[in-house]
Amino acid sequence: MSIPDNSASDFIRNIISNDINSGKFDSSIITRFPPEPNGYLHIGHAKSICLNFGVANEYGGICHLRFDDTNPTREDVEYVESIKTDVKWLGYDWQDHLYFASDYFDQLYDFAVVLIEKGLAYVDSLSADDIRRYRGTLTEPGQDSPYRDRSIEDNLALFEQMKKGQFEDGTHVLRAKIDMASPNLNLRDPTLYRIRKMPHHRTGDIWKIYPMYDFAHSLSDSIEGVTHSLCTLEFEDHRPLYDWFLDVLQVHRSQQIEFARLNLSNTVMSKRMLRDLVENRHVSGWDDPRMPTISGLRRRGYTPEAIRMFCHEIGIAKRDTEVESALLEHCLRTNLNLTAPRVMGVIDPVKVVLINYPEDLVEEFDAVNNPEDLSMGTRKVPFSRELFIEREDFMETPSSKFFRLAPGKEVRLRAAYYITCVDVIKNVDGLITEIHCTYDPDSRGGSSLDGRRVRGTLHWVSAKHAIKAEIRLYGDLFVDTTDGDNGGLLTDRLNPHSLTVMTECYVEPSLAESSQGVTYQFERQGYFCLDSVDSTPGQLVFNRTVSLRDSWSKVNKS
RNA sequence: UGCCCUAUGGUGUAGUGGUAGCACGUCAGCCUUUGGAGCUGUAAGCCCUGGUUCGAACCCAGGUAGGGCAGCCA
């Protein structure tokens, strides 16, 4: 085990470094990522994954993947598989440390029996309502259940009958006997087991009782020898209970440490709300490219590297905060700028006719695949008399700061020729249908011998060679997320413009061989990838992953 | 009005008694065959009030503000 000397400092890593220095744990560091298989992972989980696996890697330890599958009413194998896929995709490896809380059901049951034998747990036969009433309130102490003083023998017998399925759901629970007057509600005789006569996705119908989170989680950590159990802030009040189980049962002591969960601007992170979006068809599914789920981000074209970088950049602390999505986009652009192959695609086309270019001539230009990485080579791009350019790259009456195409103005077509606008053709509605230009044969390749300055460079495609495609542009899912995940109608804050579908787009022919899982840069536009669900070889569908930074829009506004 | 936690530029995060730093974002300039990328610079911060100290973001006291907790959910 080693201590990284210049690792990013955060309070958790500081604690772990101190623990290692003081020899608190005799094993190497063991952490765990403990999802409940009841939904898809989102970027908030990525923060926890990067922390837990990251810490383990840095200190030469290991990180377990453990499914917290103690509630058969909400869990499913579908989620187990998606979670494993997502963790792997993010680049982490649990090796052979894949565990399930349900693997420990026998041991947990035995622990419960020990608690009963020690007089520290009892079977309560109050109804759920009565248990709530007896619990007291935030400001008033609770009262002991009339069943609190059952004999150990009775408790043992009853608990065994619960296990055997001799009682109906809700008739009894097993509770820890701690303190009904504790100011910490979690210590007012918390429930340990409830009866659920429901098949479990892994244990089938052998169990009729299932352990509660606090009991199962604390002891699962202990069973696995976890040294540092990292969880989110809402479990802070549970730590005394977490520790109580370990103390009274005298088992391996893991240390729970809480950190703030991730909140991201203009989106929501709670599984419940994400599920609402899916079930109420506000999005196409858990992997809708607008979703903050790992599967949504993947389909959108995000890379694991970008997400890991983001999780590193946001840091770890205890204050409750909201990170601007600009930081996520920054991490994405940083990664994609270095790796994405460049291509040209026109999203909102207008036709350009080069009136002095031969009718049937077709030339091919070599275009650089990535100016940031010349080893990625070049590709051929066909050029002909009729082209498409972006409609917004032409302005009939431009401002002085507009460097693109306008009547009488000369621009460069990326990797091709200089062209000058000589005429504008409109339809009866005044819509521009064609822009007539001349090209300068001496500017072949995009530069001229006379060295004259041409400030604007436009992307383009050859009309007869281009492939027609659909491009989906995404915006924030929500207009405003103040108040976070609580209160207010979620749907009131949905951004009605979160999806724009452009169906008349043209992309360069090299994209006929574009492959799934690659995010391209459409030059001057942004990053795009093939949609993994809806794109077919005959009808390409691209998702805009993120736009390029656009300083023109600022100039234009001012 | 119980218990627990938190408070550093617009945002996120370092700094644990000795000149408050980094990143994102902002703005300006340079550069550019992507108005991308890159480079340079700018503005902007210790919640408040006391106390201890030669010296406090840091220690102490008291406030204020925000968050969490009353599932047989996790």
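Note on naming: letters A, B, ... go to the chains in the order of the sequence lines (proteins, then strands), and numbering restarts at 1 for each one. Keep in mind it's a predicted model, so treat the numbers as computed, not measured.
As rounded to whole Å, 15 Å separates atom C1' of B:C72 from atom CZ of A:Phe167. Distance A:Leu138 CG to B:C3 C1': 9 Å, rounded to the nearest Å. Taking atom CG on A:Leu328 and atom P on B:G12, their separation rounds to 15 Å, with Å as the unit. The nearest whole Å value for the distance from the CG atom in A:Leu158 to the C1' atom in B:C72 is 16 Å. As a whole-Å value, the separation of A:Leu187 CG from B:G2 C1' is 14 Å. Atom-to-atom, CD of A:Glu234 to P of B:G71 comes out at 16 Å; the value is rounded to the nearest Å. Whole-Å rounding puts the A:Arg66 CZ to B:A74 P distance at 13 Å. Per the geometry, CG belonging to A:Leu41 stands 18 Å off P belonging to B:A74, to the nearest Å.
Annotation: cation-pi pair A:Lys318/A:Phe259 absent, no NZ/CZ under 6.0 Å from the ring centroid and within 45° of its normal.
Looking at heavy-atom distances under 4.0 Å, A:Ser551 makes contact with sugar-phosphate atoms alone, never a base. Among the heavy atoms of the strands lying under 4.0 Å from A:Gln521 is at least one base atom, whether or not backbone atoms are also near. Across all strands, A:Asp320 comes closer than 4.0 Å only to sugar-phosphate atoms, never to a base (heavy-atom distances). Note on A:Ala317: only backbone sugar-phosphate atoms sit closer than 4.0 angstrom, heavy atoms only; bases stay farther off. Among the heavy atoms of the strands lying under 4.0 Å from A:Leu327 are primed sugar atoms or P, OP1, OP2 only; no base atom is included. Using a 4.0 Å heavy-atom distance criterion, A:Glu324 is classed as a base contact. Nucleic acid contact for A:Arg342: base, since at least one base atom lies under 4.0 Å from a heavy atom of the residue. The residue A:Ser127 sits close to a base: some heavy atom pair falls under 4.0 Å. Counting any heavy atom pair closer than 4.0 Å across all strands shown, A:His172 reaches no nucleic acid atom. Nucleic acid contact class of A:Phe235 (heavy atoms, under 4.0 Å, all strands): base. Backbone-only engagement by A:Arg132 is indicated by non-hydrogen atom pairs under 4.0 Å involving sugar-phosphate atoms exclusively. Across all strands shown, A:Leu338 has no heavy atoms under 4.0 Å from either base or sugar-phosphate atoms. A:Leu192 comes within contact range of no nucleotide atom at all, as no heavy-atom separation falls under 4.0 Å. Residue A:Arg412 is in base contact, counting any heavy-atom pair closer than 4.0 Å across all strands shown.
Note on ring orientation: taking the six-membered ring where Trp is involved, the planes of A:Phe105 and A:His200 are perpendicular (angle over 60°, cut-offs 30° and 60°).
The separation of B:G21 from B:A57, taken at their C1' atoms, amounts to 13 Å, rounded to a whole angstrom.
The local environment of CD in A:Glu160 is sparse, with at most 12 non-hydrogen atoms from other residues, nucleotides or ligands closer than 6.0 Å.
OP1 or OP2 of B:C27 sits under 4.0 Å from a side-chain N or O of A:Lys554. The phosphate of B:U11 (OP1 or OP2) has no side-chain N or O of A:Thr321 nearer than 4.0 angstrom. For the pair A:Arg188 and B:C69, the criterion of a side-chain N or O lying under 4.0 Å from OP1 or OP2 is not met. In this model, the phosphate group of B:C72 is approached by a side-chain N or O of A:Arg135 to a distance below 4.0 Å at OP1 or OP2. The phosphate of B:G15 (OP1 or OP2) has a side-chain N or O of A:Ser9 nearer than 4.0 angstrom. The side chain of A:Arg524 contributes no N or O atom lying less than 4.0 Å from OP1 or OP2 of B:A37.
Checking B:C72, B:G35, B:C73 against the side-chain heavy atoms of A:Thr457 singles out B:G35 as nearest. Taking every side-chain heavy atom of A:Val555 into account, B:G35 is the closest of B:G35, B:A74, B:G36. Of the candidates B:G25, B:G12, B:A74, the closest approach to any side-chain atom of A:His330 belongs to B:G25. Listed nucleotides B:G36, B:C72, B:A14 differ in distance to A:Glu372; the shortest reach to its side chain belongs to B:G36. Nearest to the side-chain atoms of A:Arg404 among the listed nucleotides B:A14, B:G35, B:C73 stands B:G35. Of all nucleotides listed (B:U33, B:G35, B:A70), B:A70 comes nearest to the side chain of A:Leu185.
Taking the six-membered ring wherever Trp is involved, the centroid distance between the rings of A:Tyr439 and A:Tyr418 does not fall below 6.0 Å. Aromatic pair A:Trp552/A:Phe403: centroids not less than 6.0 angstrom apart. Aromatic ring centres of A:Phe235 and A:Tyr242 lie farther apart than the 6.0 Å criterion allows.
Within the shown strands, B:C48 is the pairing partner of B:G62 under the Watson-Crick or G-U definition, both distances less than 3.5 Å. Both distances falling under 3.5 Å, in either a Watson-Crick or a G-U wobble arrangement, place B:U40 opposite B:A28. Taking a pair to require two hydrogen-bonding distances under 3.5 Å in either a Watson-Crick or a G-U wobble arrangement, B:C69 pairs with B:G2. With a cut-off of 3.5 Å on both pairing distances, the Watson-Crick or G-U wobble partner of B:G12 is B:C22.
A donor N or O paired with an acceptor N or O is not found under 3.5 Å between the base of B:U13 and the side-chain atoms of A:Glu313. For A:Gln525 against B:G36, no side-chain N or O and base N or O form a donor-acceptor pair under 3.5 Å. In the interface, the side chain of A:Arg319 is not paired with the base of B:G67 through any donor and acceptor atom under 3.5 Å apart. For B:G67, the base has no donor-acceptor partner in the side chain of A:Glu236 [N/O atoms by modelled type, under 3.5 angstrom]. With hydrogens and angles ignored, no donor-acceptor pair closer than 3.5 Å exists between the side chain of A:Asp550 and the base of B:G35.
Ion pair A:Arg452/A:Asp442 not flagged as a salt bridge, since none of the NZ, NE, NH1 or NH2 atoms sits closer than 4.0 Å to an Asp/Glu carboxylate oxygen.
Among A:Phe522, A:Tyr506, A:Phe528, the single residue meeting the ring pair (Phe, Tyr, Trp, His ring centres under 6.0 Å) criterion with A:Phe542 is A:Phe522.
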Residue pair A:Arg202, A:Asp103: steps toward the salt bridge (Lys or Arg N to Asp or Glu O under 4.0 Å) verdict: CA-CA 9 Å; A:Arg202 297 193 81 242; A:Asp103 290 342; 2.9 Å; yes

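Mapping A:Thr139 and A:Ala416 onto RNA chain B by nearest heavy atom places A:Thr139 closer to the 5' end of the strand.
Classification of B:G67 as anti follows from a glycosidic angle more than 90° from 0.
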